[in-house]
Amino acid sequence: MLAKVPLELDEYLWAQWKCSRLAFVYAPLGFGKSEFAHRMLEGVDVLEVDAATVDVTQAVTAEASEKHDAVSNAQGAALASVISRCTSTRFVFLSRAPMPGWLTPFFAKGELLIVTADDLLFTDTDIAHLLSANGIASTPELVERVANASQRYPLAVAAAIAHIQRDEGSSWEAPLRDEVMAYFEAE
């Protein structure tokens with residue numbers, strides 16, 4: 001298991017998140033949407049709802065939302081109504097698709113923080129901190145190798161670091177793409 005580190009993005013968005021009531025995080029599989037949301041919500045009372053398996057119109061009510069600071073993976077106009085009524089509650093939505101239209105009014109009012117796949121890509125600093133946190137000497141050359149081989153894609157960076165930890169020398173780069181594609185296929 002890799003040691004986790006805060007990312008540059010966390011610090012960059014923290015001030016905006018403190019002023020926002022809603023966040024919409026969207027990116028493909030393996031970009032760390034859930035990890036990002038958990039870091040931003042650390043220490044906060046959270047009601048987590050998976051819209052793929054739960055009817056959010058039943059699970060997310062004004063009464064339930066007022067008791068929690070965030071709701072994730074939810075969608076729909078009924079939920080927008082709950083959001084409008086619960087002005088002291090924060091909502092976080094995770095999706096693989098772009099922002100749905102029913103969130104547009106919140107965006108227009110400046111209440112919505114949007115985090116995209118581009119935002120979630122790892123920087124050189126993120127890669128260097130992750131290497132160091134996992135007991136690997138971070139050199140500019142190694143950071144560049146990891147960045148190039150992974151294309152800064154969070155899942156691929158984590159896989160590269162796991163390979164390096166196993167002391168696979170320079171052989172870790174070749175199978176990395178196949179490993180990531182196998183993960184996509186399995187998920």
Side-chain angles (χ1 to χ4, degrees), residues 1-18 20 22-42 44 46 48-54 56 69-75 79 90-104 106-107 112-134 136 138 142-165 172-187:
M1 177 80 107
L2 293 180
K4 299 175 186 175
V5 297
L7 303 178
E8 277 191 302
L9 173 67
D10 298 356
E11 187 174 324
Y12 172 74
L13 290 179
W14 189 247
Q16 189 175 353
W17 171 236
K18 284 178 148 180
S20 300
L22 293 90
F24 184 77
V25 183
Y26 75 99
L29 181 68
F31 266 79
K33 297 178 296 291
S34 297
E35 279 299 318
F36 172 75
H38 287 126
R39 285 192 313 273
M40 297 309 284
L41 295 168
E42 191 173 323
V44 175
V46 175
E48 190 167 340
V49 179
D50 183 344
T53 59
V54 176
V56 296
D69 290 318
V71 175
S72 63
N73 290 333
Q75 62 185 355
L79 189 51
R90 297 173 117 186
F91 294 83
V92 177
F93 303 96
L94 307 180
S95 177
R96 293 185 187 150
M99 184 183 80
W102 58 269
L103 279 174
T104 303
F106 302 104
F107 178 74
L112 179 64
L113 168 66
I114 298 175
V115 181
T116 68
D118 287 343
D119 297 322
L120 294 169
L121 291 173
F122 281 12
T123 65
D124 286 351
T125 302
D126 295 332
I127 294 169
H129 288 155
L130 197 55
L131 286 165
S132 296
N134 285 283
I136 301 167
S138 175
L142 183 56
V143 168
E144 184 177 349
R145 279 181 64 198
V146 171
N148 290 336
S150 67
Q151 297 180 354
R152 302 178 183 282
Y153 172 58
L155 174 70
V157 170
I161 290 173
H163 282 283
I164 295 166
Q165 281 182 317
W172 62 267
E173 292 167 282
L176 190 59
R177 179 174 169 76
D178 292 338
E179 187 175 326
V180 170
M181 290 302 133
Y183 174 80
F184 282 153
E185 199 171 295
E187 291 297 316

Given the rule in the side-chain contact (heavy atoms from CB on, under 4.5 Å) test, do Ser95 and Val25 qualify, once you have shown the distances and angles that lead to the verdict? CA-CA 6 Å; Ser95 177; Val25 183; over 6 Å; no
Return the set of residues passing salt bridge (charged side-chain N to carboxylate O under 4.0 Å, His left out) with Arg177 (not counting sequence neighbours), or none when no residue passes. none
Please name all residues satisfying ring pair (Phe, Tyr, Trp, His ring centres under 6.0 Å) with [X], sequence neighbours left out, ordered by chain then number.
X      : value
Phe184 : Tyr153
Phe106 : none
Phe36  : none

Salt bridge (charged side-chain N to carboxylate O under 4.0 Å, His left out): which pairs involve residues 91-103, sequence neighbours left out? none
Can you name the nearest heavy-atom pair linking [X] to [Y], along with the distance?
X      : Y      : value
Leu2   : Ala162 : CD2-N, 4.2 Å
Leu120 : Pro154 : O-CG, 3.3 Å
Pro28  : Lys33  : O-NZ, 3.1 Å
Ala3   : Leu130 : O-CD1, 3.3 Å

Once the angle between the rings of Tyr26 and Phe24 is folded into 0 to 90°, is it parallel (under 30°), tilted (30 to 60°) or perpendicular (over 60°)?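 The arrangement is tilted - the two ring planes meet at 30° to 60°.
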Taking the side chain as every heavy atom from C-beta outward, state whether Leu7 and Arg39 have any pair of such atoms under 4.5 Å apart. yes
Looking at residues at least two apart in the chain, or sitting in another chain, which of them share a side chain to side chain donor-acceptor pair (under 3.5 Å) with [X]?
X      : result
Gln151 : none
Glu35  : Lys4
Asp119 : Thr116

Under the side-chain contact (heavy atoms from CB on, under 4.5 Å) criterion, do Glu144 and Ile127 qualify, and how do the steps go? CA-CA 9 Å; Glu144 184 177 349; Ile127 294 169; over 6 Å; no
So, using side-chain contact (heavy atoms from CB on, under 4.5 Å) as the criterion, who are the partners of [X] when residues are at least two apart?
X      : result
Tyr12  : Leu9
Ala149 : Trp172, Glu173, Leu176
Ala182 : none
Thr123 : Glu8, Thr125, Asp126

Apply side-chain contact (heavy atoms from CB on, under 4.5 Å) to Tyr183 and Leu29, showing your working. CA-CA 9 Å; Tyr183 174 80; Leu29 181 68; 3.8 Å; yes
Show, in sequence, the C-alpha distance, side-chain angles and deciding distance for Phe107 and Trp102, and conclude whether the ring-ring contact (aromatic ring centres under 6.0 Å, His included) test is met. CA-CA 10 Å; Phe107 178 74; Trp102 58 269; over 10 Å; no
